Amino acid sequence: MQIFHHCQSVREAISSARANGAKIGFVPTMGNLHRGHLALVRLAAEHCDAVVASIFVNRMQFGLNEDWDRYPRTLEQDIQKLETVPCDVLFCPDEQEIYPNGMDEQARVIVPTMSDILCGASRPGHFEGVTTVVAKLFNVVQPDVAVFGRKDFQQLAIIRRMVEDLCVPVKIVGADIEREDDGLAMSSRNSFIAPGERPKANQLHRSLEWIRAKLYDGNRAFKALEAEAAEQIRAAGFNVDYIRICESRSLEPAADDDNELTVLGAMYTEKARLIDNVSIALDDV
Ligand code: PAF
């Protein structure tokens with residue numbers, strides 16, 4: 001695996017691979033890699049000839065009171081893990097490389113409305129930071145295919161919309177959520193869960209699955225289901241940010257005649273904010 005820190009050098013390496021006919025796959029990450037990230041790289045390799053991963057903890061997508069400064073940075077271990085999967089190039093720039101003119105005056109990419117609901121409502125500016133850095137990384141790497149985890153379902157939907165609206169020539173592929181044995185979705189932020197909270201931290205997943213089963217049974221009392229699931233999570237000792245049954249593409253609250261639904265949720269442990277989701281296609285029932 002070749003490692004680059006500068007836009008210019010990574011671009012040159014990729015363009016010579018492309019000139020040799022290689023189809024380029026891209027997996028952008030913020031590092032602290034776990035099994036979920038490695039699955040994204042493997043999936044990218046299935047779609048492409050050469051895979052580029054990036055590691056950049058993008059301060060623009062963190063709010064002032066959020067966890068940017070304590071976000072785990074584990075570059076040495078990340079490199080070792082990437083050596084075990086088909087990753088050809090690692091791009092790990094510093095902030096000066098990505099934002100040479102500073103962040104305040106940086107041109108930005110905004111996907112309106114979708115960026116302001118659900119996680120965007122409690123993390124103002126978060127998705128603007130994501131779409132701006134992803135657009136920028138796309139311009140550096142110029143991939144044919146980019147892979148994002150479905151765990152960040154809203155992020156995936158927003159990036160799909162950005163690519164569609166701005167005619168970005170990149171195919172976006174969503175990868176299934178990797179889970180711990182008890183159902184907890186894998187996340188770099190799981191390291192913030194206190195040992196005492198861990199046994200019940202899968203409650204978000206359990207409650208989303210509970211809603212999914214009710215929807216499959218034909219229950220369409222969306223608001224009541226959301227309220228009951230939130231109560232289950234509070235009873236397990238966590239604060240709830242939101243539980244919402246949405247139409248899968250628009251992320252609007254589900255309507256009675258929608259068939260493609262995704263149930264999204266976010267909850268707080270003492271030191272972590274955890275998200276998860278489950279999708280359901282009622283046509284399949
Ligand atoms: O999902 C992430 O890790 C980040 O939001 C991303 C896509 C790498 C942009 O910083």
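Nothing here was measured: the structure is a model prediction, and the numbers come from that model.
Taking 4.5 Å as the limit, some side-chain heavy atom of Leu184 sits within range of a side-chain heavy atom of Leu274. Leu208 is not listed as a side-chain neighbour of Arg212, based on a closest heavy-atom distance of 4.5 Å or more.
Distance alone, capped at 3.5 Å, places no donor-acceptor pair between the Arg189 side chain and the Ala272 backbone. The backbone N or O of Trp68 sits nowhere less than 3.5 Å from a side-chain atom of Glu66 that would complete a donor-acceptor pair. Put simply, the side chain of Asp94 gets close to the backbone of Gln96: a donor and an acceptor are under 3.5 Å apart. With hydrogens and angles disregarded, a donor-acceptor distance shorter than 3.5 Å links the side chain of Thr84 to the backbone of Lys81. Judged by distance alone, with hydrogens and angles left aside, the side-chain atoms of His5 form no donor-acceptor pair with the main-chain N or O of Pro93 at under 3.5 Å.
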For residues 135-144, which side-chain N or O atoms pair as donor and acceptor with protein atoms under 3.5 Å away, sequence neighbours left out?
unit_1, atom_1, unit_2, atom_2, d
Lys136, NZ, Ile98, O, 2.6
Lys136, NZ, Gln106, OE1, 2.9
Asn139, ND2, Ala135, O, 3.4
Gln142, NE2, Asn139, O, 3.3
Asp144, OD2, Ile24, N, 2.7

Quick one: side chains of residues 108-120, donor-acceptor pairs under 3.5 Å with protein atoms, not counting sequence neighbours, listed by atom name and distance.
unit_1, atom_1, unit_2, atom_2, d
Arg108, NH1, Glu128, OE2, 3.2
Arg108, NH2, Met103, O, 3.1
Ser115, OG, Val111, O, 2.6

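Side-chain polar atoms of Asn58 and Tyr71 form no donor-acceptor pair below 3.5 angstrom.
Residues passing the side-chain hydrogen bond (donor to acceptor under 3.5 Å, both in side chains) test with Gln80: none are found, sequence neighbours excluded.
Separation of atoms CZ (Arg273) and OG (Ser187) is listed at 11.0 Å; rounding is to 0.5 Å.
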Q. Do Glu178 and Arg42 pass the salt bridge (charged side-chain N to carboxylate O under 4.0 Å, His left out) test, and can you show the C-alpha distance, the side-chain angles, and the key distance before you say yes or no?
A. CA-CA 13 Å; Glu178 293 282 324; Arg42 286 198 195 88; over 6 Å; no
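Applying the side-chain hydrogen bond (donor to acceptor under 3.5 Å, both in side chains) test between Ser248 and each of Asn259, Asp258, Thr262 identifies Thr262 as the sole match.
For the residue pair Ala236 and Gln203, the shortest heavy atom distance occurs at CB-CG, 3.7 Å.
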